[in-house]
Amino acid sequence: MDWTRTISRHTRRLFVIATICLFWACSFEGYKFNGASIDYTKTKTIQIADFPIRSSYVWGPMGSIFNNKMHDLFISQTKLTQVKRNGDLKIEGEITRYDQRNKAVSSEGYSAQTELTMTVNVRFTNNVDHHQDFERQFSASASYETTQSLSSVQEELVTQMATDIAEQIFNATMANW
């Protein structure tokens, strides 16, 4: 009998079983691989208010794009029930900045690239554990070539920034590292 092969085979089996158990345990009830760490026995509901636009520069669809991204992300990544009021968790705020600036200059001295920035102020209230409450700003930027018009790329860039900011907010509120 070859002991080396027997031990090696048993070691591989134990490793596979341990790995499966680890994945199963880490995805059970509390911790998810998306970064969320929620005790569903204590926290069952979330209230996400619509974020109004309070910036001096406004693009009409921006508010609904951002608000939809927020709601969709929390629905798809948690088992929390979204409620209109009295949530265990409450997220509210406003879009405070939406502007563009020249990012790069060409050799001829003209603007070659423009950067679009979106900033959102967030107030998070955890009615289960008020030690986790905060008010913070989250920002995202996206650039486009000046040869393109803002109107031709605006929806794509705003969607990209809204997704990025929604993920930042999700990580700040749901991942208690």
Side-chain angles (χ1 to χ4, degrees), residues 31-38 43 45-85 87-127 129-177:
Y31 182 79
K32 303 291 182 207
F33 286 108
N34 60 15
S37 177
I38 302 167
T43 307
T45 60
I46 187 167
Q47 174 185 343
I48 302 174
D50 281 344
F51 285 60
I53 302 171
R54 304 252 192 268
S55 66
S56 55
Y57 180 64
V58 175
W59 180 59
M62 177 175 58
S64 61
I65 290 172
F66 177 75
N67 289 315
N68 289 337
K69 289 290 180 188
M70 284 289 292
H71 289 279
D72 292 348
L73 182 62
F74 282 85
I75 285 172
S76 68
Q77 298 296 318
T78 71
K79 294 190 291 184
L80 297 172
T81 302
Q82 291 194 20
V83 295
K84 294 284 185 193
R85 61 178 82 68
D88 296 328
L89 305 176
K90 182 179 180 182
I91 301 173
E92 59 186 342
E94 51 279 330
I95 300 169
T96 57
R97 182 174 162 223
Y98 178 67
D99 57 18
Q100 58 182 338
R101 67 175 184 85
N102 291 334
K103 184 177 179 183
V105 179
S106 68
S107 60
E108 294 85 28
Y110 297 105
S111 175
Q113 207 171 43
T114 303
E115 182 177 67
L116 199 58
T117 303
M118 182 177 177
T119 302
V120 177
N121 186 58
V122 174
R123 289 174 299 282
F124 173 67
T125 306
N126 184 332
N127 290 314
D129 180 6
H130 284 289
H131 288 40
Q132 295 180 8
D133 295 357
F134 66 79
E135 182 168 357
R136 192 180 310 165
Q137 291 193 341
F138 298 89
S139 292
S141 298
S143 299
Y144 65 96
E145 300 297 319
T146 312
T147 56
Q148 299 173 297
S149 68
L150 176 59
S151 61
S152 69
V153 296
Q154 191 162 229
E155 183 174 357
E156 177 186 347
L157 297 180
V158 167
T159 301
Q160 175 185 333
M161 291 184 298
T163 301
D164 186 17
I165 293 172
E167 288 173 355
Q168 290 176 45
I169 294 167
F170 180 86
N171 290 333
T173 57
M174 298 293 116
N176 303 321
W177 294 99

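Below, each value reflects all heavy atoms present in this structure, side chains not excepted, and no hydrogens, waters or symmetry copies.
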Please list every donor-acceptor pair under 3.5 Å in which a side-chain atom of residues 90-97 meets a protein atom from a residue at least two apart or in another chain.
from : atom 1 : to   : atom 2 : distance (Å)
E94  : OE1    : R123 : NH1    : 3.4
E94  : OE1    : R123 : NH2    : 3.2
E94  : OE2    : N121 : ND2    : 3.0
E94  : OE2    : R123 : NH1    : 3.1
T96  : OG1    : T119 : O      : 3.4
R97  : NE     : D99  : OD1    : 3.4
R97  : NE     : D99  : OD2    : 2.9
R97  : NH2    : D99  : OD1    : 3.3

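Residues forming a salt bridge (Lys or Arg N to Asp or Glu O under 4.0 Å) with R85 (at least two apart in sequence, or on another chain): none. Judged as a side-chain hydrogen bond (donor to acceptor under 3.5 Å, both in side chains), and not counting sequence neighbours, the contacts of Q82 are H71. S141 pairs by the side-chain hydrogen bond (donor to acceptor under 3.5 Å, both in side chains) definition with T117, not counting sequence neighbours. Scored by the side chain to side chain contact (heavy atoms under 4.5 Å, CB included) test, H131 finds D129 as partners (sequence neighbours excluded). For T147, the side chain to side chain contact (heavy atoms under 4.5 Å, CB included) partners two or more places apart in sequence, or in a different chain, are E145. With sequence neighbours excluded, the residues satisfying side chain to side chain contact (heavy atoms under 4.5 Å, CB included) with D88 are T43, K44, T45, V128. Annotation: side-chain hydrogen bond (donor to acceptor under 3.5 Å, both in side chains) contacts of T81 (sequence neighbours excluded): none. By the side-chain hydrogen bond (donor to acceptor under 3.5 Å, both in side chains) test, E115 is found to be paired with R101, residues two or more places apart in sequence or in another chain being considered.
Across every non-hydrogen atom of G60 and I53, the tightest pair is O-CD1, 4.5 Å. Across all their heavy atoms, Q160 and A142 have their closest contact at NE2-CB, 4.0 Å. For the residue pair Q168 and S139, the shortest heavy atom distance occurs at NE2-O, 3.0 Å. Closest heavy-atom contact between T163 and K69: OG1-CE, 3.2 Å. Of all the heavy atoms in A172 and R136, the pair that sits closest is CB-NH1, 3.5 Å. Nearest heavy-atom pair, N67 versus F51, reported as atom, atom and distance to 0.1 Å: OD1-N, 2.7 Å.
In this structure the side chain of T114 never reaches within 4.5 angstrom of the side chain of K103, judged on heavy atoms. V122 has its side chain out of reach of Q137: every pair of non-hydrogen atoms, C-beta onward, lies at least 4.5 Å apart.
Note that the CD1 atom of I46 and the CE atom of M174 stand 4.0 Å from one another [nearest 0.5 Å]. Atoms CE and CG, on M62 and L157 in that order, are 13.0 Å from each other to the nearest 0.5 Å. With rounding to the nearest 0.5 Å, the separation of OG1 in T78 from CD1 in I38 is 5.0 Å. How far OG1 of T146 is from CD of Q100: 9.0 Å, rounded to the nearest 0.5 Å. How far CG of D133 is from OG1 of T173: 12.0 Å, rounded to the nearest 0.5 Å. The distance from the CD atom of Q154 to the CD1 atom of I65 is 8.5 Å, given to the nearest 0.5 Å.
Using modelled atom types, no side-chain atom of S152 and backbone atom of Q148 make a donor-acceptor pair closer than 3.5 Å.
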**OP:** Begin from the C-alpha positions of L116 and Y98 and carry the test side-chain contact (heavy atoms from CB on, under 4.5 Å) through to its verdict.
**Re:** CA-CA 7 Å; L116 199 58; Y98 178 67; 3.5 Å; yes
**OP:** Could you give me the CA-CA distance, side-chain angles and deciding distance for I165 and M118, then say whether side-chain contact (heavy atoms from CB on, under 4.5 Å) is met?
**Re:** CA-CA 9 Å; I165 293 172; M118 182 177 177; 3.9 Å; yes
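Sorted by first and then second residue, the pairs that involve residues 133-167 and meet ring pair (Phe, Tyr, Trp, His ring centres under 6.0 Å), not counting sequence neighbours, are F124-F134. Pairs engaging residues 47-58 under the side-chain hydrogen bond (donor to acceptor under 3.5 Å, both in side chains) rule: none recorded [sequence neighbours left out].
Other residues, nucleotides and ligands place no more than 12 heavy atoms under 6.0 Å from the CD atom of E156.
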